[in-house]
> 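Submitted below is the structure of interest, expressed as structure tokens.
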Amino acid sequence: MISARYNATEIEAKWYEHWLSKGYFRSIPDERESFSIVIPPPNVTGVLHMGHMLNNTIQDILIRKARQEGKNACWVPGTDHASIATEAKVVRMLREKGIKKSDLTRDEFLNYAWQWKEEYGGIILQQLRKLGASCDWDRTAFTMDDIRSEAVYKVFVDLYNSGKLYRGNRMVNWDPEAKTVLSNEEVIYGLEQSKLYHVKYEIDGSDDFVVIATTRPETIPGDTAIAVHPDDPRYQHLKGKNAIVPIIGRKVPIIFDDYVDREFGTGALKVTPAHDVNDHEIGKRHNLEVVDIFNADGTMSQSATVYIGEDRFTVRKKFSKDLEAHGHIVKIEDYQNNVGRSERTNAVVEPRLSLQWYVDMEALATPALKAVMEDIVEFFPKSQKNIYRHWMENIRDWCISRQLWWGHRIPAWYYLEDVFVAENADEALTIARKKYPHLTLADLKPDDDVLDTWFSSWLWPISVFDGFNDKDQLDYYYPTSVLVTGWDIIFLWVARMIMAGYEWTGKRPFDKVYFTGMVRDKQRRKMSKQLGNSPDALQLIEDYGADGVRFGMMASSPAGGDLLFDEKLVEQGRNFSNKMWNALRLLKGWEITDADQQSDKDALASLWMEQKIQEAYNELTKNFSEFRLSEGLMSLYNLIWNDFCSWYLEMIKPQYGEKIHQATYAQAIQLYSDLCTLLHPFMPFITEEIWHHLKENRETDCIMSAYIPRTSTGNHTLEPIEISKDIVTSIRDIRQKQGIKMKDALDLYILTSHKTEGLITLSGWKGIVEKLGVLQDIHLTDQVDIEGISFITGAEKCILQTMQSVDIDAELDNLNKELNYQIGFVDSVMKKLSNDKFVNNAPADVVAKENLKMADGRERIKILTEEIERLTKQKNS
RNA sequence: GGGAGAUUAGCUCAGCUGGUUUAGAGCAUAUCGUUUACACCGAUAGGGUCGGGGGUUCGAAUCCCUCAUCUCCCACCA
């Protein structure tokens with residue numbers, strides 16, 4: 001039988017197992033229309049956090065909806081090798097064991113990394129199952145598995161052969177902690193508090209000096225010039241002179257360059273071509289010496305000549321002390337500047353000159369930009385289009401090499417000055433032999449670097465279908481239907497996938513992109529480990545059930561906006577499950593009879609509920625088409641909680657000791673299972689469970705494939721029932737204010753002289769109002785002076801006989817308040833209608849509506865006035 | 001410095017091409033309630049001159065201008 005309390009944990013495990021065993025998540029191409037989603041692959045060693053839960057709940061909702069609609073739904077799961085992030089984790093793990101990466105060979109390190117991956121890899125995919133994710137697990141892909149790697153090498157070679165790949169010696173963003181280069185997109189800038197040092201440089205051969213301002217005194221050993229603006233009158237006398245670098249003693253020229261901002265600091269700039277992008281440019285213009293004073297790990301190099309081997313930030317302190325001791329510091333100011341940090345290691349990024357591989361992006365960007373601007377790839381929310389356009393129009397070449405070991409090794413081999421690019425070493429040798437016939441494999445030196453992790457993920461929508469080999473799969477599932485991801489990786493990932501899509505398939509990778517917001521806490525702070533404001537995702541599922549968590553995530557997630565996570569919403573979700581469970585218990589507890597006819601009341605109630613569901617279904621369809629999932633869910637929540645439970649079930653609920661008519665019962669079962677089907681994408685487990693309890697003789701095996709193809713039943717009951725509900729609410733209000741017990745049945749009079757046609761011609765309404773209002777009888781009358789408390793709903797005047805003395809003053813007070821409101825209302829309408837310009841210019845139906853509003857308002861004023869008059873008379877007599 | 005977006009009840013947000021909205025929802029709040037599904041509950045109620053100012057229009061939360069505040073993206077001056 002049905003347990004008193006809903007046990008989410010148990011039931012969720014049961015159904016997930018069932019779905020898996022029946023293979024409902026599997027997809028193979030067939031004649032049906034496909035609906036495909038590729039998962040944004042989480043880091044292979046990651047654990048489920050709130051962002052994943054949001055993201056994957058949305059994908060699951062969309063996939064389940066499509067599956068219900070009879071489409072061939074395919075959600076491809078997988079993980080990302082996450083080159084730098086994983087390598088950093090492994091390095092840290094090894095360090096804890098007392099092993100230094102630098103003591104290991106490449107192979108030894110990779111062994112550890114693979115071990116780590118085998119141990120922790122895929123945990124996150126297990127966790128997604130707990131959330132209810134209906135992925136086709138047989139398709140699980142990994143960016144570094146054979147198929148995906150092959151795609152990477154193929155694409156690399158292809159880019160090289162078409163001239164879109166090159167090596168360049170440039171200023172790059174260097175992460176001294178991971179000891180690798182980073183792309184521009186992997187550097188996060190933020191304002192940080194720092195100091196501005198004003199440092200005195202002596203002029204060679206005189207007592208004169210020049211003062212420069214710098215935030216990085218530790219780079220002074222790398223100075224090779226002092227620059228001033230050519231038109232700056234303060235420095236004209238320094239033309240042709242040299243300055244002496246403090247402490248270091250190097251003689252450096254005073255140069256004149258437009259780049260210098262005369263307003264900043266003293267208008268003089270120290271130039272360190274090896275460690276600043278702009279300085280590097282100046283250096284090139286003036287043929288300055290480049291002195292690289294840092295090692296790869298951010299410590300001082302031999303060329304620095306001071307503090308060799310010590311960290312740059314330690315040196316900053318020590319060196320500025322030295323400067324001060326020697327009288328070179330003029331002043332030190334507090335200063336706020338923009339500091340770039342590595343997205344993965346959080347290390348302060350160091351500009352550094354080095355030789356790296358780049359992708360020439362310009363040609364790739366053109367079709368990708370066009371596709372988005374013309375909505376061929378449609379963005380939700382639209383506002384992301386501008387951000388995308390700006391980046392695309394100013395696109396810079398993509399630095400794809402990384403000085404790491406965990407990742408796809410760059411398929412390039414070197415011999416003397418030549419480079420040979422091929423999918424593997426043998427092919428490279430074949431190519432190389434055309435020029436050097438006697439080469440052997442041993443002569444070719446492989447590239448030591450690996451590729452940016454995004455160089456494999458930008459192929460994901462193609463490579464998960466083995467699209468470079470399996471054209472049939474690709475044709476069926478690709479372009480994928482929608483991509484669901486956070487806006488924070490729009491450049492790192494989304495833009496590049498679109499480029500790759502057009503480059504290698506000639507098509508967009510997905511029809512639509514739904515950008516989710518970031519998950520934040522109630523104070524709008526980003527969720528982070530450091531703040532400790534991120535709840536444990538699995539614990540939440542444990543505590544509230546996956547359905548509850550899914551509800552909580554979706555209820556607070558307006559399309560595209562940030563999600564302010566509040567555990568209360570998850571609680572609300574759990575409560576909703578409880579509510580639904582109890583509605584089931586109620587239904588299943590009724591005794592059924594087929595004696596007599598179904599009452600008009602029940603027939604009407606069911607018809608009304610059916611029409612409400614139809615209306616909600618139409619709305620839901622619209623909400624889905626615009627990815628307004630939050631609104632869709634909330635309207636279902638209201639439909640089930642309020643319309644179905646609070647109104648419909650109360651309407652049909654048998655009196656104590658009575659039975660429910662089997663026709664009504666069958667309708668209620670059907671309506672509730674329809675509701676479950678609608679809600680299923682959002683809360684898959686409880687809807688499945690309830691659905692099975694309702695459909696004892698089920699035709700299909702599972703709610704997942706039970707779609708409700710509804711036909712329009714019209715909506716002629718909606719308005720009259722709204723009026724009925726208003727009447728009931730008013731009665732309850734009066735009861736509460738008058739202290740009349742729910743048990744006491746009252747008499748209600750409705751004045752037929754007014755506008756009651758829509759309502760009273762609907763058979764069954766009377767039964768509904770009587771039952772819910774707990775009335776003895778409803779009398780339709782044209783008498784105006786019935787004793788009781790009157791109220792107006794719509795344009796109906798109702799009088800409730802309370803069998804107790806009426807507080808005339810209080811009644812008059814209420815009526816007068818209402819009268820004033822109505823007068824104000826009618827006035828505002830009158831203003832419009834008495835305006836010739838309105839009547840002449842506004843469309844006819846708008847004018848007609850206003851006329852109707854006024855007529856209704858006047859009717860209400862008339863009723864109110866009559867009632868006030870009557871009560872006043874009564875009071876005075 | 002360049003660009004985008006936002007500002008509606010205590011909170012989070014709807015309000016889609018100006019007209020049944022003197023503005024809706026959920027949560028929160030208050031009052032009442034041991035009615036035989038549910039206190040993870042029921043019933044009812046209160047709450048906003050739609051950031052300020054100006055304009056267009058017969059009519060503006062909705063369009064335009066301006067000011068204020070906030071958020072984000074890009075670039076970056078040491």
Side-chain angles (χ1 to χ4, degrees), chain A residues 2 4-6 189 196-197 212-216 219 227 259-261 263-266 268-272 276-279 335 337-338 381 383-391 394 487 490-491 522 524 544 548 555-558 561-564 566 568-569 571-590 622 626 628 630-631 634-635 637-638 645-646 649-650 653 655-657 729-730 732-737 739 741-743 774 821 824-825 827-829 831-843 845-850 852-853 856:
Chain A
I2 298 168
R5 202 171 264 303
Y6 177 67
Y189 289 92
L196 189 61
Y197 300 80
I212 58 90
T214 180
T215 53
R216 307 198 53 196
T219 63
Y259 169 77
V260 180
D261 178 0
E263 308 300 316
F264 190 92
T266 57
L269 170 71
K270 77 182 199 62
V271 184
T272 322
D276 183 278
V277 180
N278 294 304
D279 288 13
Y335 188 71
N337 65 342
N338 226 353
S383 54
Q384 294 293 333
K385 274 171 78 173
N386 278 320
I387 293 169
Y388 177 88
R389 184 182 65 191
H390 186 261
W391 189 76
N394 299 284
W487 49 254
I490 182 171
F491 308 136
K522 275 187 280 182
R524 287 188 186 274
Y544 298 98
S556 59
S557 173
D562 282 350
L563 181 148
L564 306 189
D566 185 350
K568 271 212 123 124
L569 286 162
E571 200 183 313
Q572 196 184 341
R574 193 242 357 229
N575 294 354
F576 186 34
S577 296
N578 181 248
K579 184 73 183 179
M580 291 186 65
W581 189 246
N582 277 294
L584 174 73
R585 287 176 59 216
L586 175 69
L587 264 169
K588 300 297 273 188
W590 286 337
K622 204 180 164 205
E626 293 160 6
R628 297 155 73 118
S630 171
E631 278 184 55
M634 288 319 285
S635 70
Y637 174 82
N638 281 318
C645 294
S646 296
L649 289 179
E650 293 298 331
K653 188 195 255 178
Q655 301 287 359
Y656 183 67
T729 301
S730 298
R732 287 168 174 167
D733 185 27
I734 292 168
R735 278 181 189 274
Q736 191 182 358
K737 284 185 179 135
K741 286 241 154 53
M742 263 325 228
K743 287 172 189 156
V774 192
Y821 175 86
F825 176 73
D827 266 2
S828 76
V829 180
K831 245 186 239 160
K832 280 187 200 172
L833 285 171
S834 61
N835 188 328
D836 287 345
K837 287 181 182 167
F838 171 69
V839 180
N840 297 332
N841 295 334
D845 60 314
V846 172
V847 177
K849 273 177 195 165
E850 291 299 314
L852 207 70
K853 264 160 80 177
D856 280 0

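Because the structure is predicted, anything quoted here is derived from the model rather than measured. A, B, ... follow the sequence lines: proteins, then strands. Residue 1 opens every chain.
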> Which of these nucleotides, B:U12, B:C74, B:C38, is closest to any side-chain atom of A:Arg524?
B:U12
> Checking contacts here: which listed nucleotide (B:C40, B:A37, B:G19) is nearest the side-chain heavy atoms of A:Asn575?
B:C40
> What's the closest nucleotide to the side chain of A:Asn578 if the choices are B:C72, B:C38, B:A37?
B:C38
> Please state the C1' separation for the pair B:G26 and B:A68 - nearest whole angstrom.
30 Å
> With both distances under 3.5 angstrom, what nucleotide forms a Watson-Crick or G-U wobble pair with B:G46?
none
> Which part of the nucleic acid does A:Tyr821 contact within heavy-atom distance under 4.0 Å: base, sugar-phosphate only, or nothing?
base
> Given B:C27, B:C16, B:C58, which nucleotide is nearest the side-chain atoms of A:Gln572?
B:C27
> Let me know, please, whether A:His390 or A:Glu571 comes out on the 5' side of the other along RNA chain B by nearest nucleotide.
A:Glu571
> Please measure how far the C1' atom in B:U36 lies from the corresponding atom in B:C41, and state the result in whole Å.
15 Å
> So which one's nearest nucleotide on RNA chain B is more toward 5', A:Thr215 or A:Cys645?
A:Cys645
> Which nucleotide in the list B:G19, B:A37, B:G26 gets nearest to the side chain of A:Ala583?
B:A37
> Base, sugar-phosphate, or nothing: which does A:Arg732 touch, judged by heavy atoms less than 4.0 Å apart?
sugar-phosphate
> Can you find an N or O donor on one side and an acceptor on the other, under 3.5 Å apart, linking the side chain of A:Gln736 with the base of B:U31?
yes
> Sticking with atom C1', work out how far B:C27 lies from B:G46, rounded to a whole angstrom.
16 Å
> For B:C40, does the base pair up with any side-chain atom of A:Lys579 as donor and acceptor (N or O, under 3.5 Å, distance only)?
no
> If you check the A:Asn386 side chain, which of B:A4, B:A23, B:U35 turns out closest?
B:A4
> Check whether the side chain of A:Arg5 and the base of B:C40 form a donor-acceptor pair under 3.5 Å.
yes
> Look at the side chain of A:Leu649 and decide which nucleotide, out of B:A37, B:U12, B:U36, has an atom nearest to it.
B:A37
> Is there a Watson-Crick or G-U wobble partner for B:A68 with both distances under 3.5 Å, and which nucleotide is it?
B:U7
> Of the options B:A43, B:A37, B:U36, whose atoms approach the side-chain atoms of A:Arg585 most closely?
B:A37
> Once you apply the 3.5 Å cut-off to both distances, tell me the Watson-Crick or G-U wobble partner of B:U17, or none.
none
> Using the C1' atoms only, state how far B:G15 lies from B:C50, rounded to an integer number of Å.
10 Å
> Does any N or O donor sit under 3.5 Å from an N or O acceptor when you compare the side chain of A:Glu650 with the base of B:A43?
no
> Whether the side chain of A:Lys568 and the base of B:C27 hold a donor-acceptor pair under 3.5 Å is what I'd like checked.
no
> Regarding A:Lys653 and A:Glu650, does a basic nitrogen lie under 4.0 Å from an acidic carboxylate oxygen?
yes
> Using the side-chain heavy atoms of A:Asp733, tell me which of these nucleotides is nearest: B:U44, B:C73, B:A43.
B:U44
> Output the single nucleotide from B:C74, B:C58, B:U44 whose closest atom is nearest the side chain of A:Phe838.
B:C58
> Using the C1' atom in both, what is the distance from B:U7 to B:G53, to the nearest Å?
15 Å
> For the residue pair A:Trp391 and A:Phe491, categorise the inter-ring angle as parallel (less than 30°), tilted (30 to 60°) or perpendicular (more than 60°).
parallel
